[in-house]
Amino acid sequence: MPEVITRFAPSPTGHLHIGGGRTALFCWAFARRHGGTFLLRIEDTDQTRSSEESTRGILEDLAWLGIDWDEGPQFTPASGPLAGRTLGGDPRGVGPFYQAQRVAAYNAELERLVRSGRAYAAFEGAAELDAKRAAAVAAKQTYRYERPADVTPGVFNEARWKRAQAGETHVVRFVAPADEVIVRDEVLGEVRYAAGEMDDFVIRKADGFPTYHFAVVCDDAAMGVTHVLRAQEHLNNTPRHVALQAAMGYPTPMYGHMPLICNMDGSKMSKRDKAKAARAGLKQAIQKEGGKEAPVIERIAAATAVPAAEIEAFLKGDTDAVEIAAKIGAALGLTLPEIEVHDFRRNGYLPGAINNFVSLLGWNPGMKTDDGKDLEKFDTAFLAEHFGTERIGKTASKFDRVKLASFNSDAINAMSDAEFARGWRAWLREEGTGPYAGLLSLDDQRFAVLAAAVKPRAKTYRDALRPAGFALLGDDFGFDAKAVDKNLKGNDGLGLLRKFRAGLDGLGEWTPATIHAAVEKFVADQNLPNPGPIAQAVRVALTGAGVSPGLGETLFVIGRERSLKRIDRCLAEFGA
RNA sequence: GGCCCCGUCGUCUAGCCUGGUCUAGGACACCACCCUUUCACGGUGGGGACAUGGGUUCGAAUCCCAUCGGGGUCACCA
């Protein structure tokens with residue numbers, strides 16, 4: 001295969017969608033596998049929705065996943081697997097990589113098309129077209145833009161172009177081909193679109209910016225892109241691109257359309273799902289309030305600093321803004337579905353697990369492990385070596401968060417204790433505030449022991465907070481009545497606890513190992529059949545409930561002084 | 001609705017191209033048991049799928065057709 005150039009071309013309208021992450025990963029892997037170039041292009045031709053902040057967020061998300069781009073916006077990640085490396089650049093001089101900065105080039109190409117009679121200026125207003133479209137829908141007919149009578153394919157329509165040049169508001173439309181269009185797809189095979197299916201679509205908007213279709217085709221050609229891997233939702237756009245390429249004399253790259261990633265209910269996984277979840281929660285809250293909207297909206301407005309009017313609009317469905325959804329979700333204590341790479345990062349997933357899991361959605365290495373099972377655990381280096389379009393599937397897959405959690409749990413357990421401690425600490429710092437920030441004030445040794453204890457019990461960094469909760473307990477915690485009855489009042493818990501407490505005074509060093517040994521010795525001395533009774537009594541005394549990691553770790557993390565104090569307090573409270 | 005894509009356990013999938021080795025394999029989840037100091041981890045075992053109907057063939061999950069089902073897309077968004 002000659003040189004391979006792939007690209008990932010997100011539009012900066014928010015964080016990177018998890019499906020976009022997979023697309024980027026596959027494009028990256030394909031380029032790496034063939035020793036080619038992977039470039040990143042920012043498709044910011046929608047002035048109203050694009051933002052620099054989003055671009056930055058996407059670059060960060062990609063870097064966090066460990067996906068490095070050879071060409072594109074320059075970026076030096078501060079942390080993560082690519083920390084300190086400068087990504088992007090323009091060694092071939094094919095930039096800039098922001099479409100908004102390439103408008104002059106698009107216009108030159110566009111004029112060429114117009115003068116050759118393959119495109120023309122059109123003057124209908126958006127409102128007028130909307131009305132026609134609506135009428136067509138009402139009549140259960142398919143709407144197609146009707147080519148004006150004075151436009152002849154292949155003939156430069158100078159009159160229209162002059163009006164446009166004179167400043168009249170207009171769009172530019174492409175003269176759709178009269179013939180069948182065939183899309184050759186690496187994954188799907190040949191896909192045929194009958195003659196006349198395509199209408200004269202817009203290639204330059206009234207604001208002077210190109211539409212997606214035109215910009216992509218120009219840029220892919222200008223940047224020498226050889227392989228376009230993207231999600232199947234784009235399949236129906238491809239004939240337009242192919243037609244455009246033919247009209248402009250550009251080569252058509254190899255296309256590969258990947259199956260969609262769906263929710264468990266089968267619908268396409270989209271950022272809007274967050275809004276849906278938040279709205280549902282909001283409605284439920286209102287229902288609880290007896291159907292009164294005002295008090296709920298007011299309460300949330302106060303808690304989130306989002307204007308009440310915006311919340312009302314959100315409730316009505318006028319907007320699906322992710323930021324509003326996130327704030328409302330937080331105010332209501334809802335867990336919004338993870339959709340963007342950033343969501344998974346915040347919830348304590350590992351990039352390795354995400355990459356691995358997402359790769360398996362629509363691709364499979366088709367290999368066996370040594371014990372004959374299907375190979376499904378691998379890293380990006382493996383992808384860079386083995387990824388190819390031949391094994392991309394055709395069927396959409398559902399995003400099973402439970403399986404992801406299992407992958408993440410495995411990835412966590414594959415880390416050394418030290419690695420996990422480092423990663424967990426970094427994550428805690430990133431999350432910053434919250435009731436769990438206290439874990440960061442633990443000294444290194446305690447933090448390390450706690451991390452190791454919590455590791456096998458955690459599916460994600462966030463999930464690790466649950467078993468670590470005991471380490472944050474104040475000394476005045478309350479006791480779980482059931483646990484007290486069972487483990488203190490029953491099983492001679494209090495008696496054993498008292499004896500165990502007495503022995504603790506003589507314990508020399510206070511380490512997980514010495515504590516563990518002390519428990520074992522106690523069990524032997526007391527002729528207990530198993531450590532259960534004393535272990536559970538100690539747990540209740542130290543944490544108020546019968547659940548904690550191993551006793552050695554638990555007592556060590558809590559500390560000698562506080563452990564003894566707590567046992568004494570417990571003895572005093574229930575021992576009388 | 002038009003157009004396009006797809007259809008193997010609940011889910012992700014292997015097998016399909018190059019029919020027989022498929023009484024359909026693996027993973028996640030679930031259930032049971034074992035391990036156990038609680039919670040986890042781990043170990044062993046179990047139930048569970050070729051959408052339906054027609055062909056072709058000695059033989060079909062694999063090839064063909066139809067039906068049904070699911071999804072995507074129909075913007076001056078990308």
Side-chain angles (χ1 to χ4, degrees), chain A residues 9-13 43-46 48-50 99 122 124-126 129-130 133 136-137 139-144 169-173 183 185 187-188 191-194 197-199 201-207 209 211-213 215-216 231-239 257 259-260 262 264 266-268 357 360-364 366-369 372-377 393-407 409 413 453-459 466-467 483 487 519 523 528 530-536 538-540 543 545-551 554:
Chain A
S11 64
T13 56
E43 311 224 317
D44 54 352
T45 53
D46 186 341
T48 55
R49 297 202 308 165
S50 301
Q99 290 187 326
E124 296 88 349
L129 293 174
D130 284 347
R133 217 182 333 263
V137 170
K140 296 206 169 189
Q141 303 241 297
T142 308
Y143 172 77
R144 265 195 199 83
T169 302
H170 69 286
V171 300
V172 176
R173 287 180 183 269
V183 172
D185 189 279
V187 176
L188 268 11
V191 182
R192 288 161 180 277
Y193 293 86
E197 277 295 321
M198 196 186 305
D199 65 1
F201 56 95
V202 174
I203 56 178
R204 188 172 73 187
K205 300 178 268 187
D207 65 3
F209 279 81
T211 60
Y212 160 73
H213 305 297
V216 189
Q232 247 179 57
E233 58 191 336
H234 287 291
L235 181 61
N236 292 327
N237 289 150
T238 312
H257 286 92
L260 252 20
C262 297
M264 288 309 276
S267 60
K268 187 172 79 165
F357 179 73
L360 253 9
L361 263 25
W363 184 77
N364 189 289
M367 296 181 197
K368 300 278 183 196
T369 58
K373 297 183 170 180
D374 292 358
L375 176 72
E376 62 169 17
K377 293 291 168 67
K394 297 179 178 184
T395 62
S397 40
K398 291 176 184 163
F399 193 90
D400 185 354
R401 288 181 175 74
V402 178
K403 183 157 181 172
L404 201 217
S406 166
F407 269 53
S409 164
N413 281 97
V454 125
K455 193 175 76 147
R457 294 168 168 80
K459 291 189 187 300
R466 190 178 35 82
N487 301 310
V519 174
V523 171
L528 293 175
N530 65 60
I534 182 57
Q536 288 309 90
V538 173
R539 283 198 168 89
V540 175
T543 68
V547 180
S548 86
L551 242 35
T554 304

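Worth saying up front: this structure is predicted, and the values here are computed from it rather than measured. Sequence lines set the chain letters: A, B, ... in the order given, protein chains first and strands last, and positions in each chain run from 1.
Distance CD (Q232(A)) to C1' (rC4(B)): 9 Å, rounded to an integer number of Å. As a whole-Å value, the separation of E376(A) CD from rU11(B) P is 16 Å. When rounded to the nearest whole Å, the span between CZ of F399(A) and C1' of rC12(B) equals 11 Å.
Nucleotide rC41(B) is shown with a syn base, its glycosidic torsion being within 90° of 0.
Between rU18(B) and rG26(B), the two P atoms lie 28 Å apart (nearest whole Å). For the C1' atoms, the distance from rC41(B) to rU36(B) is 11 Å, rounded to whole Å. Rounded to a whole angstrom, the distance from the P atom of rA14(B) to that of rG7(B) is 11 Å. Using atom P as the reference point in both rC3(B) and rA29(B), the two lie 43 Å apart (nearest Å). Nucleotides rU57(B) and rU62(B) are separated by 13 Å at their C1' atoms, to the nearest Å. Taking atom C1' on both nucleotides, rC12(B) is separated from rU52(B) by 24 Å, rounded to a whole Å. The gap from the C1' atom of rC6(B) to that of rU67(B) amounts to 16 Å, rounded to the nearest Å. Here, rG20(B) and rA24(B) have their P atoms 15 Å apart, quoted to the whole Å.
Between M198(A) and Y193(A) there is no side-chain heavy-atom pair separated by less than 4.5 Å. V191(A) has its side chain out of reach of H257(A): every pair of non-hydrogen atoms, C-beta onward, lies at least 4.5 Å apart. In this structure, the side chains of L360(A) and K403(A) stay at 4.5 Å or more apart for every pair of heavy atoms.
Residue Y193(A) is classed as a sugar-phosphate contact, given heavy-atom separations below 4.0 Å to backbone atoms only. The residue R133(A) sits close only to the backbone: its heavy atoms come under 4.0 Å of sugar-phosphate atoms, none of a base. Counting any heavy atom pair closer than 4.0 Å across all strands shown, P10(A) reaches no nucleic acid atom. Within the 4.0 angstrom heavy-atom criterion, only backbone atoms of the sugar-phosphate kind lie near G362(A); the bases stay farther away. Counting any heavy atom pair closer than 4.0 Å across all strands shown, H213(A) reaches a base atom. In this structure, N237(A) reaches the bases: a heavy-atom distance under 4.0 Å links it to at least one base atom across the strands shown. E124(A) comes within 4.0 angstrom of a nucleotide base, judged by non-hydrogen atoms across all strands. At a threshold of 4.0 angstrom between heavy atoms, the contacts of R192(A) are confined to the sugar-phosphate backbone, with no base atom among them. Note on T45(A): only backbone sugar-phosphate atoms sit closer than 4.0 angstrom, heavy atoms only; bases stay farther off. Across all strands shown, G266(A) has heavy atoms under 4.0 Å from sugar-phosphate atoms exclusively, and none from any base. Using a 4.0 Å heavy-atom cutoff across all strands shown, V171(A) reaches at least one base atom of the nucleic acid. Looking at heavy-atom distances under 4.0 Å, S406(A) makes contact with sugar-phosphate atoms alone, never a base.
Taking the six-membered ring where the residue is Trp, F201(A) and H213(A) present perpendicular rings, their angle passing 60° and hence far from 30°.
Taking each heavy atom of D44(A) and P12(A) in turn, the nearest pair found is CB-CG, 3.8 Å. Nearest heavy-atom pair across K394(A) and Q232(A) is O-NE2, 3.4 Å.
For N364(A), taking side-chain heavy atoms from C-beta onward, the closest of the listed nucleotides rU73(B), rA14(B), rG26(B) is rA14(B). In the set rC76(B), rC5(B), rU73(B), the nucleotide with an atom closest to the side chain of N236(A) is rU73(B). Closest contact between the side chain of V402(A) and the listed nucleotides rA78(B), rC28(B), rC76(B) involves rC28(B). You'll find that the side chain of V547(A) is closest to rC39(B), out of rC39(B), rC3(B), rC12(B). Closest approach to the L129(A) side chain among rC76(B), rG26(B), rA78(B) is made by rC76(B) (side chain taken as heavy atoms from C-beta onward). Here the side chain of D400(A) is nearest to one of rC77(B), rU37(B), rC28(B), namely rC28(B). Proximity note for K459(A) (side chain, C-beta onward) versus rC12(B), rA29(B), rC3(B): the nearest is rA29(B). Side-chain atoms of L360(A) lie closest to rC12(B) of the nucleotides rC76(B), rC12(B), rG2(B). Picking from rC41(B), rG26(B), rC76(B) the nucleotide with the shortest atom distance to the side chain of P456(A) gives rC41(B). Proximity note for L361(A) (side chain, C-beta onward) versus rC12(B), rC76(B), rC3(B): the nearest is rC12(B).
Counting only distance, with no hydrogens or angles, the side chain of S409(A) and the backbone of A405(A) share no donor-acceptor pair below 3.5 Å. The backbone N or O of V202(A) lies less than 3.5 Å from a partner atom in the side chain of T211(A), making a donor-acceptor pair.
OP1 or OP2 of rC6(B) lies within a sub-4.0 Å distance of a side-chain N or O belonging to K394(A). Applying the 4.0 Å criterion to OP1 and OP2 of rA75(B), one finds that T211(A) has every side-chain N and O outside that range. In this structure, R173(A) reaches the rC76(B) phosphate: one of its side-chain N or O atoms is under 4.0 Å from OP1 or OP2.
Searching all strands for a Watson-Crick or G-U wobble partner of rC30(B) with both distances below 3.5 Å returns rG46(B). rC74(B) and rG1(B) make up a base pair, with Watson-Crick or G-U wobble contacts both under 3.5 Å.
Side-chain atoms of R457(A) stay outside donor-acceptor range of the base of rC41(B), with no qualifying N/O pair under 3.5 Å. A donor-acceptor contact under 3.5 Å links the side chain of K403(A) to the base of rA27(B).
The nearest heavy atom of RNA chain B to V191(A) and to Y212(A) marks one nucleotide each, and the one closer to the 5' end goes with V191(A). In terms of position on RNA chain B, the residue among P549(A) and R144(A) whose nearest nucleotide sits closer to the 5' end is R144(A).
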**Message:** Run the side chain to side chain contact (heavy atoms under 4.5 Å, CB included) test on L188(A) and L235(A) for me, step by step, so that the C-alpha distance in whole Å, both residues' side-chain angles and the decisive distance to 0.1 Å come before the verdict.
**Reply:** CA-CA 10 Å; L188(A) 268 11; L235(A) 181 61; 3.8 Å; yes

